[in-house]
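Worksheet: the structure to be examined is printed underneath.
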Amino acid sequence: MSYQTLKSEMQAHGYVASDDLAMAVHLALTLGRPLLLEGAAGVGKTEVARVLAAVKATELIRLQCYEGLDASHAIYEWNYQRQLLAIQAAGDNAAEVEKRIFSEEYLLERPLLAAILRPSPPVLLIDEIDRADEEFEAYLLEILSDFAITIPELGTIKATSRPHVILTANGTRELSDALRRRCLYAHVDYPDRAAELAILAARHPGLDAKLMGQIVSFVQDLRREGLEKPPGVAETLDFAAALAGLGIADLTEDPATLQASLVTLLKTAQDRAAVPLEVTERLAGRAA
Amino acid sequence: MSSITRFATRDAGFSARISGFMAHLRDNGLRLGVAETGTALEALSQIEPADIAQTRLALRAVCTGSADEAGRFDDLFDGYWRNGGRVRSRPSTALPSAAQRSTARSGTARDDAEGDGTADAPDAGEGETSTATGTGRLIACTTPNAMRRDLRELVTPEAIAEAQAVAEHLGRALRDRRSRRRRAARRGSQIDFRRTVRRAIARGGAPLDLPRRTRPDRAVRITAICDVSGSMAIYARVFLSFLVGLMRGDPKAEAFLMHTRLVPISDALREPDPLKSVARLSLMAEGFGGGSKLGESLTQFAATHARRCITGRSVVIILSDGYDTGPSEHLGTALAAIRRRGARIIWLNPLKGWRDYAPVAAGMAAALPQCDLFAPAATLGDLAALEPELARL
């Protein structure tokens with residue numbers, strides 16, 4: 001499978017990938033390497049994993065990172081309650097129970113362990129890795145390089161299948177060089193006009209072509225206005241859905257409604273203030 | 001394509017060229033090891049290596065590791081694989097094919113003499129040492145200074161040691177903000193009684209887990225932005241050694257230079273050998289002593305690096321005289337944006353020490369309402385004297 005076929009398959013599942021991204025995903029799949037995606041919020045990094053799972057017709061296992069995420073939430077944990085119950089129920093033959101309670105039966109799978117135990121390779125999405133602390137990043141290094149997890153009571157569990165790993169980051173914290181080195185890298189940028197049109201066409205096929213062109217020009221112009229949080233692709237899709245729902249066929253026809261629908265694009269008070277009705281009208285006029 | 005570099009016939013082959021390319025990337029500051037060369041070869045076996053576009057995409061995915069590197073990759077790729085980086089913007093259609101062939105052939109002595117655009121004319125910079133003296137007004141200028149200046153003549157190891165002591169004091173004055181409360185933590189001095197009991201319920205009353213708690217560190221992160229435009233050149237010695245001292249004392253501090261653009265220098269300053277770090281800095285200091293676009297640089301900072309370096313407990317130290325060529329309101333809005341992220345802003349202006357100084361420069365006037373502290377600083381002594389003020393902040 002070449003990267004072009006992958007690209008068209010992703011397109012068939014509603015994801016318009018740039019050449020850069022398609023090649024990076026293709027290599028990540030063929031070389032069995034994790035792929036690190038970086039880019040602003042809302043450019044569709046997480047979506048890559050979802051679409052990849054659809055393309056490969058496999059399961060998507062997602063690990064959302066946050067500050068304070070630790071091994072017991074990400075890798076595995078013993079089911080203490082069941083263990084205690086087993087000990088109390090056993091009564092006298094405690095020695096025999098002790099052998100039993102540290103077996104896989106009493107192990108709670110968390111996403112990382114689950115990912116390497118699947119019979120067919122799943123897509124493992126490690127979302128917003130830069131939110132997790134550095135300690136967790138170190139854990140991850142071990143797993144990403146050998147795809148094995150060591151549980152002291154059980155021994156080392158080897159992967160039955162190598163998951164396709166996708167990591168996303170958006171610059172909350174610098175990632176360590178060690179992690180970057182182990183991954184292939186692609187920077188996901190805001191799509192250009194043509195790509196965004198294609199995305200809109202793929203996600204909202206019912207939309208009028210003229211309105212679609214207007215929406216994309218409007219959003220692309222808006223991104224150049226120097227906003228604090230420029231609208232991402234997800235916002236464009238919401239905006240299109242909102243306009244379709246409000247029954248607007250042309251951006252210039254009803255400035256007040258258009259202004260109201262900007263709630264889907266502008267997400268901070270400063271940005272709202274930076275785009276008053278006049279600016280909206282000017283942008284809509286230019287887009288038309 | 002005629003523009004593809006022709007390698008010598010004695011060239012050892014494909015893998016040697018790839019490792020040559022990796023060495024080329026390494027020379028240009030990309031951090032790549034031997035393993036990456038292997039990965040690159042493996043990657044090329046998965047695609048059509050004869051297609052230059054595919055090769056470019058594949059090598060970019062393998063070799064780059066950050067947005068910055070990905071941005072530079074295209075030029076580096078062209079530099080190695082496409083005729084020594086010489087790109088003709090206009091296709092010279094009039095040239096007969098024979099002449100084209102002769103330029104494409106690299107390796108002949110004649111061609112080497114005229115081609116190979118790597119040496120970027122260092123002699124051009126030698127005559128133009130800036131000797132702007134005399135009276136007159138201080139103004140900001142827009143022209144970037146392309147000359148490279150050796151900062152080693154500015155910063156000596158002794159000055160760094162002295163500055164480090166000052167910076168450490170200041171850093172401590174800003175940083176030491178321990179909390180009185182205790183919070184749940186993985187490691188801590190005390191056992192968290194409430195959580196222990198709570199978890200014991202799940203274990204049938206046996207306190208198996210002992211969660212702990214500790215006093216959290218309310219660390220203040222310091223970001224220093226130093227203006228090194230022409231008007232600030234005479235203070236550069238003091239301020240650069242101060243930055244070096246600050247960075248070496250505090251692993252979380254960040255430092256930037258600004259002239260016509262913003263240059264992150266934290267990595268260079270953290271080099272363990274002080275002289276080497278200054279040498280690295282010199283390489284990055286293109287534009288040193290040139291024009292100043294404070295508003296633009298700070299806007300760029302607010303939009304990019306601020307997301308990473310600024311939290312609710314941050315202090316941004318700006319070392320500048322406030323002479324800006326851009327529209328002054330940019331400076332004000334940029335500082336306001338930085339402040340909204342929760343940072344306190346300390347502006348240290350060397351000119352403020354002058355008798356009769358008033359912040360009349362438009363940039364300075366626009367910045368003043370956003371500053372939590374506006375103080376003079378022209379020498380290390382001045383900086384050291386700031387300690388009580390910073391502790392109060």
Side-chain angles (χ1 to χ4, degrees), chain A residues 1-4 18-33 35-36 38-41 68 70 72 78-81 83-85 87-88 130 133 135 145 169-175 177-189 226-228 230 268-270 274, chain B residues 31-33 35-36 38-48 51 53-71 73 184-186 199-206 208-209 254 264 266-267 299 302-309 311 330 333 336-337 340-341:
Chain A
M1 189 163 77
S2 80
Y3 83 100
Q4 280 102 341
S18 66
D19 279 343
D20 251 0
L21 181 61
M23 176 59 91
V25 174
H26 169 63
L27 287 178
L29 288 180
T30 48
L31 303 183
R33 287 297 199 94
L35 172 64
L36 171 64
E38 241 182 352
D70 58 9
S72 66
W78 288 108
N79 192 342
Y80 294 111
Q81 287 91 332
Q83 286 177 332
L84 270 176
L85 216 59
I87 294 170
Q88 280 165 1
D130 46 353
D133 346 88
E135 285 171 50
S145 49
N170 52 18
T172 313
R173 164 172 78 76
E174 266 308 311
L175 297 177
D177 277 348
L179 184 70
R180 282 182 190 279
R181 276 200 49 205
R182 277 174 180 74
C183 300
L184 300 181
Y185 176 87
H187 187 259
V188 188
D189 222 334
L227 298 176
E228 201 172 329
T268 72
Q270 275 88 31
Chain B
R31 274 168 253 183
L32 298 168
E36 275 77 15
T39 316
L41 285 169
E42 234 179 290
L44 290 180
S45 68
Q46 300 291 339
I47 58 159
E48 287 293 321
D51 179 352
Q54 282 200 27
T55 310
R56 184 191 295 265
L57 293 174
L59 288 178
R60 181 172 19 223
V62 173
C63 301
T64 62
S66 68
D68 172 50
E69 287 174 7
F73 183 82
R186 217 168 302 156
R199 290 206 189 169
I201 294 170
R203 312 269 195 273
L208 286 182
D209 298 337
E254 299 273 345
S266 313
D267 276 354
T299 310
T304 55
H305 299 285
R307 300 206 320 164
R308 186 167 49 83
C309 348
T311 62
H330 278 189
T333 45
R340 263 202 307 278
R341 289 193 174 271

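When reading the values below, keep in mind they use all heavy atoms of this one structure, side chains included, and skip hydrogens, waters and symmetry mates. What you are looking at is a predicted structure, and each value in this text was computed from that prediction instead of being measured. Letters A, B, ... mirror the listed sequences (proteins, then strands); counts begin at 1.
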Query raised in the report: Roughly how far apart are B:Ile47 CD1 and A:Leu27 CG, rounded to 0.5 Å?
Result: 6.5 Å

Requested in this report: May I ask you to name which of B:Gly33, B:Ala43, B:Gly71, B:Ser45 has the most heavy-atom pairs under 4.5 Å with chain A?
Outcome: B:Ala43

**Report entry** Option passing side chain to side chain contact (heavy atoms under 4.5 Å, CB included) with A:Met23 (candidates B:Val62, B:Leu59, B:Leu57)
**Finding:** B:Leu57

Report task. Quick one: which of B:Arg60, B:Glu69, B:Arg307, B:Arg56 has the most heavy-atom pairs under 4.5 Å with chain A, could you say? Result -> B:Arg60

Requested in this report: Could you look at B:Ala303 and say if it's the side chain, the backbone, both or neither that has a heavy atom under 4.5 Å from chain A?
Outcome: neither

Requested in this report: Can you tell which part of B:Glu48 gets under 4.5 Å to a heavy atom of chain A, answering side chain, backbone, both or neither?
Outcome: neither

Requested in this report: State the CG-CZ distance between A:Asp130 and B:Arg308, to the nearest 0.5 angstrom.
Outcome: 11.0 Å

Report summary line: Between the CD1 atom in B:Ile201 and the CD atom in A:Gln81, the distance rounded to the nearest 0.5 Å is 11.5 Å

Report summary line: Residues at least two apart in sequence or cross-chain that pass salt bridge (Lys or Arg N to Asp or Glu O under 4.0 Å) with B:Arg199, listed by chain then number, are B:Asp209

Donor-acceptor pairs under 3.5 angstrom involving side-chain atoms of residues 181-189 of chain A: please list them, not counting sequence neighbours.
residue: A:Arg181; atom: NE; partner: B:Glu36; partner atom: OE2; Å: 2.9
residue: A:Arg181; atom: NH2; partner: B:Glu36; partner atom: OE1; Å: 3.4
residue: A:Arg182; atom: NH1; partner: A:Ala178; partner atom: O; Å: 3.2
residue: A:Tyr185; atom: OH; partner: A:Glu38; partner atom: OE1; Å: 2.8
residue: A:Tyr185; atom: OH; partner: B:Ala67; partner atom: N; Å: 2.8

Query raised in the report: Between CD of B:Gln54 and CG of A:Asp19, what distance do you get to the nearest 0.5 Å?
Result: 9.0 Å

**Report entry** For the student: nearest non-hydrogen atoms of B:Ala202 and A:Leu84, plus distance
**Finding:** O-CD1, 4.2 Å

Report summary line: The interface call for A:Asp177 against chain B, heavy-atom contacts under 4.5 Å, is side chain

Report summary line: When the 4.5 angstrom heavy-atom criterion is applied to B:Arg340 and chain A, the contacting part is side chain

Query - Candidate pair B:Thr39 and A:Arg33, rule side-chain hydrogen bond (donor to acceptor under 3.5 Å, both in side chains), full reasoning - result: CA-CA 9 Å; B:Thr39 316; A:Arg33 287 297 199 94; 2.7 Å; yes

Query - Heavy-atom proximity to chain B below 4.5 Å, by part of A:Gln270 - result: side chain

**Report entry** Contacting moiety of B:Thr304, where chain A heavy atoms sit under 4.5 Å
**Finding:** neither

